[in-house]
Amino acid sequence: MLFFFDRYTENVVKLQETMCRLGQEIQIAVLQDNGFLPAGIGSPYEFFTYRGRREELVEKNLFYNFIDLPEFWEVRLTGWTGGIFDMGREKAKIYFKEPAEERNVQRVEWHMENGWVYKIDYYNKYGLKYASEFLDTDRNVESKVFYSDKNQEIVVEQPVNHMISLLERGTVKNMFDSYVRFVGQYLKEAGFKDECILFVQDEKIFELLHPEAGNMWSNVLFTDNGLLNKYIGMGGKNGGRFYMMPENYPENNGRGNALILTASDRVEKLEYLIGKLPDMIFHIAAHTQVSDKLHKLAELGNVKVYPQVSAQDLKMLWDSCDFYLDINHYREIYNAVDTAHMKNMLIMGFESTVHHRELLAQECVFTENEEEKMALAIKELIGNPALMQEKLEIQQQKKQEIWKEFLQRRVNSHGI
């Protein structure tokens with residue numbers, strides 16, 4: 001099972017941890033290769049340039065004194081960078097990877113006397129020059145070349161028109177007019193015929209790899225619900241949300257603090273719940289200014305309002321609240337429901353307001369006419385750790401059920 005990302009991010013680590021807890025062995029590849037991908041993470045560029053010889057390569061640093069240069073050229077240190085000189089004239093600047101004081105090369109920027117940087121050479125964790133970017137006078141990348149360990153041109157990319165060429169001994173072997181076709185060739189040659197799953201992290205990869213195209217992806221996972229809905233609207237049948245399974249959930253003793261994140265002042269049955277639950281503190285936070293309606297609620301003794309909530313206050317709220325009330329209409333902000341699930345907050349809401357019903361325990365979803373039932377359920381839970389834990393265990397199982405269904409579809413599709 002291969003998961004394909006556009007770039008290496010924290011989501012890769014989250015996926016690896018989740019699959020490990022599910023007892024699943026997976027492979028991961030990314031489109032953007034910065035030369036320092038962790039062990040076990042592949043990329044199309046590395047595959048084509050090293051052709052299975054990656055295991056033969058040894059990770060090592062490239063000290064600045066060992067850059068290949070024409071005879072009689074020299075390298076000098078210039079503060080926290082280095083310079084390449086010919087007859088006293090600087091030809092390039094050397095930039096070091098962190099920690100910079102060790103003077104190990106990350107990239108070299110070649111420039112003309114007028115300062116125009118026309119080429120940037122990139123070095124990788126094997127101490128090899130693995131790629132070069134060629135720039136125009138506005139510093140736009142006109143082409144990017146990836147090299148083999150023998151310094152032979154293997155992949156030539158033209159970002160402006162998404163043209164990519166594969167070379168063999170200096171001759172063009174294949175040409176691709178899109179990243180979709182390039183990645184498709186990689187999947188084919190690398191032997192990933194089945195169970196290739198695209199992991200969409202943002203709009204860019206959604207547009208770049210066209211997840212609706214062909215049968216290249218057995219599944220498409222999204223971190224953003226808006227993009228998932230867009231994909232479904234385009235006719236996508238194999239899309240789903242990615243939910244991380246934490247190793248451990250934080251403790252929750254059912255203290256009377258509830259969090260509501262909203263982008264509007266339309267919050268279902270809010271005034272009723274505030275009146276019926278005087279012992280609960282309602283923390284209402286927004287990423288914008290709030291209306292007079294919400295400001296007036298802050299005059300009540302059990303309500304606190306956070307307009308344009310700061311990152312510090314939001315972290316405090318995530319750590320101090322034990323209930324998340326998913327009762328705001330319209331869009332979700334700050335990935336609230338999944339974050340609340342990860343924080344082990346009991347999530348409750350109405351049928352017309354819940355944003356990710358699949359993450360909520362059935363008994364925590366109420367109809368619009370059951371506000372009294374919700375208030376009574378909350379009263380029963382406050383200060384009752386045993387009952388709270390019982391409800392939370394049901395909620396925690398929801399992610400397990402989602403992944404169990406996902407893996408079962410895999411078994412049914414491939415007969416494994």
Side-chain angles (χ1 to χ4, degrees), residues 225 249-286 290-307 309 317-318 320-334 336-399 401:
N225 210 54
Y249 285 96
E251 188 177 0
N252 184 333
N253 292 314
R255 296 163 296 181
N257 285 279
L259 175 61
I260 301 167
L261 294 177
T262 183
S264 77
D265 62 2
R266 191 180 172 198
V267 185
E268 189 71 26
K269 303 298 191 295
L270 177 58
E271 292 87 348
Y272 176 87
L273 294 171
I274 291 171
K276 284 291 184 179
L277 298 167
D279 295 329
M280 171 171 270
I281 306 298
F282 291 79
H283 301 270
I284 306 168
V290 299
S291 68
D292 291 341
K293 177 182 177 181
L294 292 183
H295 267 303
K296 288 179 181 178
L297 291 177
E299 298 173 3
L300 302 173
N302 63 333
V303 178
K304 296 183 178 181
V305 177
Y306 306 80
V309 62
L317 292 170
W318 285 127
S320 61
C321 295
D322 288 331
F323 291 84
Y324 183 79
L325 301 184
D326 190 18
I327 59 177
N328 61 295
H329 286 272
Y330 309 124
R331 67 186 180 90
E332 175 191 39
I333 61 173
Y334 296 118
V337 177
D338 187 33
T339 303
H341 198 285
M342 296 283 290
K343 294 289 186 179
N344 205 29
M345 302 163 69
L346 188 64
I347 309 167
M348 309 179 83
F350 295 105
E351 288 183 349
S352 62
T353 63
V354 291
H355 294 84
H356 301 284
R357 183 164 185 159
E358 66 272 20
L359 293 182
L360 276 66
Q362 179 59 40
E363 55 266 41
C364 290
V365 181
F366 305 86
T367 67
E368 286 71 14
N369 299 321
E370 293 181 328
E371 63 270 29
E372 182 178 3
K373 186 177 177 181
M374 178 189 280
L376 290 172
I378 293 173
K379 277 185 178 180
E380 190 178 7
L381 287 163
I382 294 176
N384 189 339
L387 181 60
M388 188 68 158
Q389 188 59 36
E390 179 184 319
K391 300 296 184 185
L392 287 170
E393 287 177 359
I394 296 172
Q395 179 176 282
Q396 291 165 12
Q397 290 173 5
K398 302 302 287 185
K399 283 188 177 179
E401 293 171 3

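Along the sequence shown, the residues carry numbers beginning at 1.
Minimum heavy-atom separation, Gly349 to Leu360: N-CD2, 4.2 Å. Nearest heavy atoms, Trp318 versus Tyr334: CZ2-O, 4.4 Å. Counting all heavy atoms, side chain and backbone alike, Met342 lies closest to Pro250 at O-CD, 3.5 Å. Pairing each heavy atom of Ile327 with each of Ile260, the nearest pair is CD1-CD1, 3.8 Å. The two residues Leu392 and Met345 have their closest heavy-atom pair at CD2-C, 4.0 Å.
A donor-acceptor pair shorter than 3.5 Å cannot be found between the side chains of Asp338 and His356. Looking only at atom types and distance, the side chain of Asn344 has no donor-acceptor partner in the side chain of Gln395 under 3.5 Å away. A donor and an acceptor atom, one from each side chain of Thr353 and Glu268, are nowhere located under 3.5 Å apart.
A salt bridge links Glu401 with Lys398: at least one charged nitrogen is closer than 4.0 Å to a carboxylate oxygen.
When side chains are defined from C-beta on, Leu273 counts as touching Phe282, because their heavy atoms get closer than 4.5 Å. Residues Lys293 and Glu271 have side chains in contact (heavy-atom distance under 4.5 Å, counting atoms from C-beta outward). You'll find the side chain of Phe323 reaches within 4.5 Å of the side chain of Ile382, heavy atoms only. Within the 4.5 Å cutoff, the side chain of Lys391 has heavy atoms near those of the Glu363 side chain. Proximity of Phe366 to Met348: side-chain heavy atoms (C-beta onward) are separated by under 4.5 Å at one or more points. Taking 4.5 Å as the limit, every side-chain heavy atom of Tyr330 sits out of range of all side-chain heavy atoms of Thr262. Here the side chains of Asn328 and Asp326 are in contact, with some heavy-atom distance below 4.5 Å. Side-chain contact check for Leu270 versus Leu325: every heavy-atom pair is 4.5 Å or farther apart.
Residue Lys373 places its NZ atom among 12 or fewer non-hydrogen atoms of other residues, nucleotides or ligands, all under 6.0 Å distant.
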